[in-house]
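Note that this is a predicted model, so its numbers are computed, not measured. Side chains included, hydrogens not; waters and symmetry mates left out as well; all remaining heavy atoms used. Residue numbers start from 1 in every chain, and the chains themselves are labelled A, B, ... in the order their sequence lines are given, proteins ahead of strands.
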Number of protein chains: 2
Amino acid sequence: MRILTLEIAPGSDLDEAALCAQYGISRTPMREIFQRLSGDGYLRLEQNRGAKVASMDLSVMRMFFQTAPMIYANIARLAAEHRRVEQIPPLKAIQEEFRTATEDGDAGRSALLNHRFHWKIGLMAHNPYLLTSLNRMLIDHTRLSQTFYRPASKGEETRVYKAVEQHDAMITAIENQEPELAVELTLDHWNLSLDRLEQFVTPDPLPLDMTAIKDRKHAI
Amino acid sequence: MRILTLEIAPGSDLDEAALCAQYGISRTPMREIFQRLSGDGYLRLEQNRGAKVASMDLSVMRMFFQTAPMIYANIARLAAEHRRVEQIPPLKAIQEEFRTATEDGDAGRSALLNHRFHWKIGLMAHNPYLLTSLNRMLIDHTRLSQTFYRPASKGEETRVYKAVEQHDAMITAIENQEPELAVELTLDHWNLSLDRLEQFVTPDPLPLDMTAIKDRKHAI
DNA sequence: TTTATACAATTTGTATACAAATCGTATTCA
DNA sequence: TGAATACGATTTGTATACAAATTGTATAAA
């Protein structure tokens, strides 16, 4: 049920019956799925009103940017301290999938695998309290990345490439149990993500030259 | 459904049918309640195995003590910054209930109202990410307080009295929007709670004098 | 006596039927 | 023409019935 991280628009309400038909299950298990997704912050359930896809307002967005570094950094530290050796190979496997997805330029798949990558690191921290926060953060982070994604820009490939490299470095730091390094790399990674998001909040200004606009008029 | 914060033992499994009969509702809504409580960290649901009350192992306990100050302090800061004036009266109302509960020496009710007090402060922070963490922390904190509670000890009344005072001070700091003060008071409050818990992890040693034990033999 | 297997009983998961509530539309009255 | 109300249709919530799975017990074989 990763319909949410991707296609369905925030705020839209979900048709219970339609989804039941689509997935070939009855209403009872579907409602239980709704309950779980609601608890995870994917959906909002209202009395006698059904399920809506959760959406983000401005104040929540501020909190997101304010809180994310702290959560991510502490998760990284704890992961480096408490990772079990058997957790490393699955993480590396996801990273390889992530690498190929970025090389293929598959944005949706990249975002999803990035989500799974950071979630796995979250599990390594073995801290149930921060894990719930991380879960909510990742959901919103992934969705922000998706909504703000633009297909092909100049600096974009280099940024994505850098992100893949940072993941590699983070794996090494966690594997070698170097908490401070893991924190530093994670904050770098966050700043890269910030750059990416900032590019869309404050994009390049439109050309001041009015002739360009006049030309477009004919095209429309 | 505050059955959990109090009576039912951690690890015990819940009888679906019995609870349905008890609350006069059918299995479907009860299962939906289970789903929610499971998401909140009250219960653990296992495949075809029903619901068990969540329990805490040693490593989770370590994480609890490691994580709590950070979460509580940041919640306090954000609450002082972002509280809405209409949120203050309900908080004060809970505090008054808490005060009377402590004066009556009602430990269970005190713990529950303390829980509600800190939850209300969490809501004032308007940070959904930290709020999920706070929720899990408070559940475990309240349960720890309960399990470690001993009825009447010398230092206990003064500690509880101090806790009530600290709550008052916290309300004032939040109402006056003094984030730094709110953080300081919250950390003091946490340390008081730590003292309380420590008293039970390392209680007064048993008397070394063997004669006392011999005397008891006859009594048994 | 102990262990393994089969069967019964209980418990959990899913589907469906029915009740309650909400929403849209149409008709009526001002 | 506009607003309000009433009625029908759709959607959501709850109960119950049935299927699947698990657990406990009893009996038989080693």
Q: Rounded off to whole Å, could you give me the OH-to-P distance for the Tyr23(A) and dT14(C) pair?
A: 16 Å

Q: Tell me whether the centres of the aromatic rings in Tyr72(A) and His189(A) are closer together than 6.0 Å.
A: no

Q: Identify whether any heavy atom of Arg27(B) sits under 4.0 Å from a base atom; if not, whether one sits that close to sugar-phosphate; answer base, sugar-phosphate or nothing.
A: base

(Q) How close do Ser12(B) and Ile8(B) get, counting heavy atoms only, and between which atoms? (A) OG-CG2, 3.2 Å

Q.
With nearest nucleotide decided by heavy atoms, which residue, Ile25(A) or Gln47(A), maps closer to the 5′ end of DNA chain C?
A. Ile25(A)

Q: Would you kindly give the CD-to-P distance between Glu46(B) and dT11(C), to the nearest whole Å?
A: 17 Å

Q: Using atom CE of Met30(B) as one end and atom C1' of dT11(C) as the other, report the distance to the nearest whole Å.
A: 15 Å

Q) Leu45(B) CG to dT11(C) P: how many Å, rounded? A) 17 Å

Q. What is the distance from CG of Leu19(A) to P of dT14(C), rounded to the nearest Å?
A. 17 Å

**Q.** Residue pairs passing the salt bridge (Lys or Arg N to Asp or Glu O under 4.0 Å) test where at least one lies in residues 52-71 of chain A, sequence neighbours excluded
**A.** Asp13(A)-Lys52(A)

(Q) Rounded to whole Å, how long is the line connecting atom CD of Glu32(A) with atom C1' of dA15(C)? (A) 12 Å

Q. Base, sugar-phosphate, or nothing: which does Glu16(B) touch, judged by heavy atoms less than 4.0 Å apart?
A. sugar-phosphate

Q) With a cut-off of 6.0 Å (strictly less than), are more than 12 heavy atoms of other residues, nucleotides or ligands near CZ of Arg99(A)? A) yes

Q.
Measuring from the side chain of Arg49(A) (C-beta onward, heavy atoms only), which nucleotide among dT16(C), dT22(C), dT14(C) has the closest atom?
A. dT22(C)

Q.
On DNA chain D, does the nearest nucleotide to Gly50(A) precede the nearest nucleotide to Asn48(B) from the 5' side, or the other way round? Give the residue.
A. Gly50(A)

Q | Rounded distance in Å - CG (Asp15(A)) to P (dT12(D)) | A | 7 Å

